[in-house]
Each structure stands twice: as C-alpha cells, then as structure tokens.
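First up is the structure itself, then whatever we jot down about it.
Everything numeric in this text was worked out from a predicted model, so none of it was measured. What you see below is based on every heavy atom in this structure, not just the backbone, and it leaves out hydrogens, waters and symmetry mates.
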Protein chains: 2
Amino acid sequence: MNIGDVAQKAGLPPKTIRYYEDIGLIAPLRDTNGYRVFRDSDLHKLAFLGRARALGFTIEDCRTLLALYEDDTRASADVKELAQAHLAKIEDKIAQLESMRGTLFDLVKSCAGDNRPDCPILSDLATGQH
Amino acid sequence: MNIGDVAQKAGLPPKTIRYYEDIGLIAPLRDTNGYRVFRDSDLHKLAFLGRARALGFTIEDCRTLLALYEDDTRASADVKELAQAHLAKIEDKIAQLESMRGTLFDLVKSCAGDNRPDCPILSDLATGQH
DNA sequence: CCTTGACCCTCCAGCGACTGGAAGCCCTAT
DNA sequence: ATAGGGCTTCCAGTCGCTGGAGGGTCAAGG
C-alpha cells in the first residue's frame with residue numbers, strides 16, 4: 001500500500017502519517033523508488049493511533065500505549081493507570097471550561113447587545129467585579 | 001512601576017508582559033536605563049488582558065476587546081457578538097471533551113487493572129469495537 | 001514516444017501563547 | 001569592590017501537525 005491508500009483507510013492525512021514516521025511511531029518499508037510501502041501491520045498501528053488521538057491521548061501517551069499493545073506480557077494495570085491519568089486531565093479541562101462557560105454565559109446574558117456603548121462584559125473585564 | 005511590580009499586581013509573569021508588548025497589546029514607556037516604565041493605565045490593561053485570557057479569549061479577541069473597551073462609541077452588540085461566538089466555541093470544546101470522557105470512563109471501568117495482560121482499553125483502540 | 005495529471009518525495013516555515021535559558025547591563029546594600 | 005537581585009535582548013523550544021516549494025515517479029491517453 002502507498003501512503004494515499006493507508007491515509008484513506010486509517011482516516012489520517014498523509015502529512016500526519018509521514019510525521020508519525022518522523023517521530024518513530026511507525027516504520028513503513030520503502031520501495032526502490034523511495035515510496036513508503038505500508039504493511040497491514042502499519043495500517044493497523046495507524047488506526048490504533050488515530051483512535052487513541054481521538055480520545056485525546058498525547059503523542060507520548062500513544063507511544064506508550066502502542067508499546068504496551070505490542071508487549072503481550074504487559075499488566076492491564078499499566079494501561080488502566082495511563083488511561084485514568086488521562087481521564088483525570090480531561091475532567092480537569094472540562095471543569096475549567098465549565099467555569100469559563102458559566103461566567104461567559106452570565107456576562108452574555110447581562111449584555112443588552114444593542115447599539116449603546118454600555119456593556120457589562122467590558123466592565124467586568126475592566127474591574128473584575130460583576 | 002517596573003515590570004516586577006506590575007507582574008505582581010496584574011498576576012502575570014514578566015515574560016508574558018514583555019510578550020504582550022512585543023505583539024503590540026500594551027506600550028509601556030521606557031526609562032533612560034532601558035527599563036520599562038508602567039503607568040496605571042498599563043497595569044489596568046494588563047489586568048483586563050489577564051481576565052479576558054482567563055475566560056479563554058484568544059489574543060486576537062483580546063486585542064479586539066481592548067479596542068472596543070477604549071472606544072466609547074462602541075455598540076455593546078459588537079462585544080456581545082464576540083463573547084457569544086467565544087461561548088459557542090467553548091461549548092463545542094466541552095462537548096468534545098465530554099464525549100472523550102464518556103468513552104474513556106467506560107473503558108477504564110471495564111479494565112480489570114491487574115497484572116494480567118487482557119485489556120479492553122487496548123482491544124478497543126486496536127479494533128474500534130467496544 | 002510524449003504529455004498530462006495524480007501521485008509521491010524531502011525540507012523548511014508557521015501556527016498560539018507563551019516559556020526557558022544565555023549573555024549581559026543596572027541598581028542597591030554592605 | 002562585590003554580591004545579589006532585577007532588568008534587558010535574543011534565540012530556541014513547546015505540541016501536533018499543516019502549508020508550501022521544488023522536484024521525482026507512474027499510469028493512461030493521444
């Protein structure tokens with residue numbers, strides 16, 4: 001398979017796939033013309049990476065996950081720990097965003113949004129007082 | 001005021017303040033020795049920026065907000081529109097993270113987390129099937 | 001046999017919003 | 001005179017790609 005085919009099948013842009021090779025996540029073969037040649041195992045890894053990235057794992061997490069995946073003597077506890085730590089980070093981020101959302105929502109609600117200049121949003125930003 | 005004082009009062013690192021000057025958000029004066037000299041108005045702007053950034057506005061949004069703040073002929077509608085668009089983006093991000101959180105939570109829950117190798121997290125990543 | 005167009009290659013630069021570090025000047029206190 | 005802290009500039013790195021330039025390769029059609 002050439003890069004275009006794998007890109008299609010894995011749902012990742014060719015650029016991203018080249019990048020993943022650059023940073024050593026995959027190691028496709030090379031044809032005599034210099035073209036990358038992808039085995040099924042490469043496609044499989046790319047799909048794995050795509051799903052892990054879609055769950056928000058960092059590239060380094062993905063590297064670790066791939067290694068764990070390929071190591072059949074792993075302990076599921078190691079995977080769970082990684083996933084749990086990531087889950088905690090996501091929950092933190094959600095909480096942060098929720099808090100922003102709350103404040104912003106109130107501000108937007110309290111702003112007339114007409115063509116007069118008075119604006120509680122700006123006065124809040126200016127003074128930090130609601 | 002020197003940069004250290006403003007940094008303290010505005011709750012922003014000196015590096016960030018220098019960066020904000022670099023990109024033209026503020027324009028402090030200069031002492032004969034080359035040190036930045038901050039007026040109250042500079043501190044005020046920095047506090048404004050800090051709060052806007054804490055609400056997740058981008059730097060470019062902040063630039064616009066500052067301009068609106070300084071323009072007393074603005075229409076509050078312009079501010080409201082900006083804030084509303086930002087709110088929408090935040091809500092999108094929250095939804096995305098919630099979706100990740102849901103999947104991850106299920107995966108973590110379903111993983112034994114012992115020292116056996118079987119791991120539903122990895123099999124999900126490998127196959128895309130739950 | 002030649003051309004066209006779709007692929008593929010590498011390498012470099014840029015995104016956003018800082019942050020770390022090096023190298024060096026300035027100011028105050030002892 | 002020196003030690004320390006604070007200030008300056010400039011460059012490089014972060015993360016995960018993404019865009020573009022400049023060029024080689026391949027299969028199909030005329």
Side-chain angles (χ1 to χ4, degrees), chain A residues 1-38 42-43 45-46 48-66 85-86 89-90 92-93 96-97 100, chain B residues 1-38 42-43 45-46 48-66 85-86 89-90 92-93 96-97 100:
Chain A
M1 268 181 298
N2 281 351
I3 202 168
D5 303 320
V6 231
Q8 180 101 45
K9 289 185 190 165
L12 294 171
K15 280 255 172 187
T16 298
I17 296 175
R18 289 194 195 102
Y19 173 67
Y20 286 173
E21 183 188 12
D22 255 23
I23 62 175
L25 286 178
I26 53 168
L29 305 172
R30 292 291 178 141
D31 207 338
T32 48
N33 59 13
Y35 285 22
R36 288 170 184 81
V37 174
F38 295 84
D42 296 316
L43 173 55
K45 275 193 199 178
L46 286 169
F48 183 105
L49 289 168
R51 281 185 285 263
R53 292 288 299 129
L55 286 178
F57 285 103
T58 65
I59 288 285
E60 285 318 302
D61 283 349
C62 289
R63 197 188 299 279
T64 307
L65 285 170
L66 258 187
H86 178 49
K89 266 185 215 150
I90 286 190
D92 278 3
K93 236 182 231 166
Q96 232 184 65
L97 288 171
M100 288 179 189
Chain B
M1 270 180 296
N2 280 352
I3 201 167
D5 304 320
V6 232
Q8 181 100 44
K9 290 187 189 165
L12 293 171
K15 281 256 173 189
T16 298
I17 296 175
R18 290 193 195 101
Y19 173 67
Y20 286 174
E21 184 188 12
D22 254 23
I23 63 173
L25 285 178
I26 54 168
L29 304 174
R30 292 292 177 140
D31 207 340
T32 48
N33 60 11
Y35 284 23
R36 287 170 185 80
V37 174
F38 295 83
D42 295 315
L43 172 55
K45 273 192 201 179
L46 285 169
F48 183 104
L49 289 168
R51 280 185 286 264
R53 291 288 300 128
L55 286 178
F57 285 103
T58 66
I59 289 285
E60 284 318 301
D61 282 349
C62 289
R63 196 187 298 279
T64 307
L65 285 170
L66 258 188
H86 179 48
K89 265 185 215 151
I90 287 192
D92 277 3
K93 238 183 228 166
Q96 233 183 66
L97 288 171
M100 288 180 189

Report the residues that fulfil side-chain contact (heavy atoms from CB on, under 4.5 Å) with [X], sequence neighbours left out, ordered by chain and then residue number.
{"X": "B/Lys9", "value": "B/Met1, B/Leu43"}
{"X": "B/Asn33", "value": "B/Asp31, B/Tyr35"}
{"X": "B/Leu97", "value": "A/Ile90, A/Lys93, A/Ile94, A/Leu97, B/Met100"}

Residues B/Arg53, B/Ile59; criterion side chain to side chain contact (heavy atoms under 4.5 Å, CB included); working and verdict: CA-CA 7 Å; B/Arg53 291 288 300 128; B/Ile59 289 285; 3.9 Å; yes

Show the atom names and distances, to 0.1 Å, of all donor-acceptor pairs under 3.5 Å that link a side chain in residues 17-29 of chain A to residues at least two apart or in another chain.
| from | atom 1 | to | atom 2 | distance (Å) |
| --- | --- | --- | --- | --- |
| A/Glu21 | OE1 | A/Arg30 | NH2 | 3.3 |
| A/Glu21 | OE1 | A/Arg36 | NE | 2.4 |
| A/Glu21 | OE1 | A/Arg36 | NH2 | 3.2 |
| A/Glu21 | OE2 | A/Arg30 | NH2 | 3.4 |

The reported gap from CD1 in B/Ile3 to CD in B/Gln8 (rounded to nearest 0.5 angstrom) is 13.0 Å

Sub-4.0 Å heavy-atom contacts from residues 52-66 of chain A onto DNA chain C, ordered by number: none

Which ones in residues 10-38 of chain A lie close to DNA chain C, meaning a heavy atom under 4.0 Å from one of its atoms? A/Lys15, A/Arg18, A/Arg30, A/Gly34, A/Tyr35, A/Arg36

Any chance you could lay out the side chain to side chain contact (heavy atoms under 4.5 Å, CB included) test for A/Leu65 and A/Phe48, step after step, and finish with the verdict? CA-CA 9 Å; A/Leu65 285 170; A/Phe48 183 105; 4.0 Å; yes

Angle, rounded to 10°, between the helical axes spanning five pairs at each terminus of the helix from C/dC1-D/dG30 to C/dT30-D/dA1? 30°

The salt bridge (charged side-chain N to carboxylate O under 4.0 Å, His left out) partners of B/Asp42 (sequence neighbours excluded) come to B/Arg39

Minimal heavy-atom distance between B/Leu46 and B/Ala10, with the atoms involved, is CB-CB, 3.9 Å

In short, A/Pro13 meets A/Ala7 closest at the heavy-atom pair C-CB, 4.4 Å

Are the side chain of A/His86 and the backbone of A/Leu55 linked by a donor-acceptor contact shorter than 3.5 Å? yes

Would you grab the first and last nucleotide of DNA chain C (5' to 3') that comes under 4.0 Å of any non-hydrogen atom in chain A? C/dC7 to C/dC11

How would you give the extent of chain A contacts on DNA chain D, as first and last nucleotide 5' to 3' within a 4.0 Å heavy-atom cut-off? D/dG16 to D/dC26

